[in-house]
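Worksheet: the structure to be examined is printed underneath.
Order of listing sets the numbers, starting from 1, for every ligand and every atom in it. Quick caveat: nothing in here was measured; it's all calculated off a predicted structure.
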Amino acid sequence: MDLMQAIESRRDTRHFTDEAVPKAVLDKALMAALHGPSVGLSQPCRFLDVSDSPRAALIENFTSQRSKAETALDEPDRLRLHRSLKLESLAEAPILLATFCAYPEEEYTIGVIGNMRAVEWSCACAIQNLWLSLTADGYGAGWVTILDLKAIAARLKTPENWEPMGILCIGKPATDYEGRPMLEHLGWKNRELNLDAFYSVAHLS
Ligand SMILES: Cc1cc2nc3c(=O)[nH]c(=O)nc-3n(C[C@H](O)[C@H](O)[C@H](O)COP(=O)(O)O)c2cc1C
């Protein structure tokens with residue numbers, strides 16, 4: 001698979017087979033994450049493998065956050081459609097990685113003065129690398145953030161400077177949603193692939 005094929009076929013996967021993920025595939029994906037760009041070479045992404053922990057509390061956490069989110073949906077058809085969407089695979093995914101952004105504790109990190117958010121952006125770069133590596137190897141991931149993330153951090157007793165970034169559900173995809181984002185495939189929202197909507201020339205005044 002070439003790079004563009006991996007980029008285009010990467011999906012946020014919420015449906016997995018029960019096939020195990022070989023350690024070599026996971027290790028390669030984690031190494032891909034380590035190769036990501038990071039502000040001041042901070043390499044802030046941390047992954048805690050919680051696959052073998054009891055999952056009931058995570059599922060409960062998700063269900064409660066999802067219900068809260070649904071109070072924002074007034075339109076009955078949209079609410080019905082939203083309720084039908086599977087937005088996680090916390091119970092079934094063979095691997096669950098609780099993912100964190102470790103804010104640098106060193107005295108000085110290049111690039112973060114006045115903009116600590118760059119550290120979290122660096123985590124997103126790492127996660128994308130991991131996602132693409134899994135895709136290239138025939139596996140997939142789903143990034144779940146509809147969670148009370150602070151509650152997860154508290155249960156894991158992570159250091160104060162670790163900001164929770166969600167749970168990555170990893171496994172062998174059971175579907176490719178016909179080559180489209182699942183949300184588009186199921187009629188929730190259409191993806192925009194018109195470059196003009198994202199790119200234009202501008203002049204600084
Ligand atoms: C930071 C981030 C958080 C996300 N959180 C969730 C989530 O909690 N549940 C979910 O079903 N999808 C989540 N997604 C997946 C997006 O819905 C998905 O990337 C988007 O619909 C495009 O689909 P694709 O990734 O298959 O191209 C998240 C994606 C990102 C980048």
Side-chain angles (χ1 to χ4, degrees), residues 1 3-16 29 32-33 36-38 44-47 50 55 57-73 78-93 95-101 117-153 162-195 197-198:
M1 188 182 286
L3 178 62
M4 204 57 194
Q5 281 171 329
I7 289 170
E8 288 178 358
S9 62
R10 181 211 53 78
R11 290 276 72 81
D12 189 281
T13 302
R14 294 87 163 177
H15 300 82
F16 292 106
S38 65
C45 219
R46 301 287 181 274
F47 302 98
V50 295
R55 298 189 180 192
L58 276 183
I59 295 161
E60 219 176 281
N61 179 324
F62 168 83
T63 307
S64 137
Q65 290 304 116
R66 181 188 176 123
S67 303
K68 273 190 208 158
E70 281 171 349
T71 60
L73 288 169
R78 289 294 277 174
L79 181 58
R80 206 170 304 118
L81 177 55
H82 190 270
R83 285 194 173 139
S84 73
L85 297 171
K86 182 164 164 53
L87 298 175
E88 46 71 46
S89 57
L90 295 166
E92 326 83 275
I95 294 180
L96 297 184
L97 296 183
T99 302
F100 294 85
C101 174
R117 286 188 306 160
V119 182
E120 285 176 26
W121 302 339
S122 304
C123 279
C125 293
I127 292 167
Q128 175 73 345
N129 269 11
L130 173 142
W131 217 335
L132 289 174
S133 172
L134 290 169
T135 304
D137 282 339
Y139 292 81
W143 190 346
V144 185
T145 49
I146 306 167
L147 290 164
D148 176 350
L149 295 170
K150 296 282 181 203
I152 293 170
W162 284 28
E163 183 67 27
M165 302 283 291
I167 304 277
L168 296 172
C169 304
I170 295 173
K172 188 86 173 171
T175 169
D176 71 349
Y177 311 111
E178 295 181 5
R180 297 186 283 162
M182 186 195 80
L183 297 187
E184 181 174 270
H185 177 60
L186 296 177
W188 177 260
K189 190 171 182 178
N190 287 329
R191 174 173 50 166
E192 176 64 81
L193 290 178
N194 171 11
L195 278 187
F198 296 93

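Near Val144, meaning under 4.0 Å from one of its heavy atoms, ligand 1 places the atoms 7 (C), 8 (O). Residue-ligand proximity, Arg11 to ligand 1, at heavy-atom distances under 4.0 Å covers atoms 24 (P), 26 (O), 27 (O). Counting the atoms of ligand 1 from 1 in the order shown, those under 4.0 Å from a heavy atom of Pro181 are 22 (C), 23 (O), 26 (O), 27 (O). Each of the following atoms of ligand 1 lies closer than 4.0 Å to a heavy atom of Leu183: 17 (O), 21 (O). Near Ile146, with a cut-off below 4.0 Å to any heavy atom, the atoms of ligand 1 are 7 (C), 8 (O), 9 (N).
Side chain of Trp131 to main chain of Arg11: a donor-acceptor pair is present (N/O by atom type, distance under 3.5 Å, no hydrogens or angles). Remark: the backbone N or O of Ala91 is paired with a side-chain donor or acceptor of Arg55 at under 3.5 angstrom. Judged purely by atom type and a 3.5 angstrom limit, Arg78 uses its side chain to pair as donor or acceptor with the backbone of Trp188. Without hydrogens or angle criteria, Asp148 side chain to Asn61 main chain gives no donor-acceptor distance under 3.5 Å. Remark: side-chain polar atoms of Thr71 are not paired, donor with acceptor, to backbone N or O of Ser67 under 3.5 angstrom.
Distances shorter than 4.0 angstrom occur between a heavy atom of Arg10 and an atom of ligand 1.
Regarding atom 24 (P) of ligand 1, its nearest protein heavy-atom neighbour is Asp12 N, 3.5 Å. With hydrogens left out, the protein atom closest to atom 8 (O) of ligand 1 is Thr145 N, 2.7 Å, a heavy atom. Remark: minimum distance from atom 9 (N) of ligand 1 to any protein heavy atom is reached at Leu87 O, 3.0 Å.
Cation-pi contact between Lys172 and Phe16: absent, since separation from the ring centre below 6.0 Å together with deviation from the ring axis within 45° is not met.
Considering backbone and side-chain N/O atoms, Trp143 comes within less than 3.5 Å of an N/O atom of ligand 1. Polar contact with ligand 1: absent for Trp131 (N/O pair, distance under 3.5 Å). Every N/O-N/O distance between Met182 and ligand 1 stays at or above 3.5 Å.
Nearest-residue assignment for atom 11 (O) of ligand 1 (options His185, Glu184, Arg14; heavy-atom criterion): Arg14.
Note that atom 20 (C) of ligand 1 has no protein non-hydrogen atoms nearby, at separations under 4.0 angstrom.
Side chains of Glu88 and Arg66 form no contact here, defined as non-hydrogen atoms less than 4.5 Å apart. For the pair Leu90 and Leu147, the minimum side-chain heavy-atom distance is below 4.5 Å.
With respect to Glu8 and Arg180, no salt bridge is recorded, no charged nitrogen being found less than 4.0 Å from a carboxylate O.
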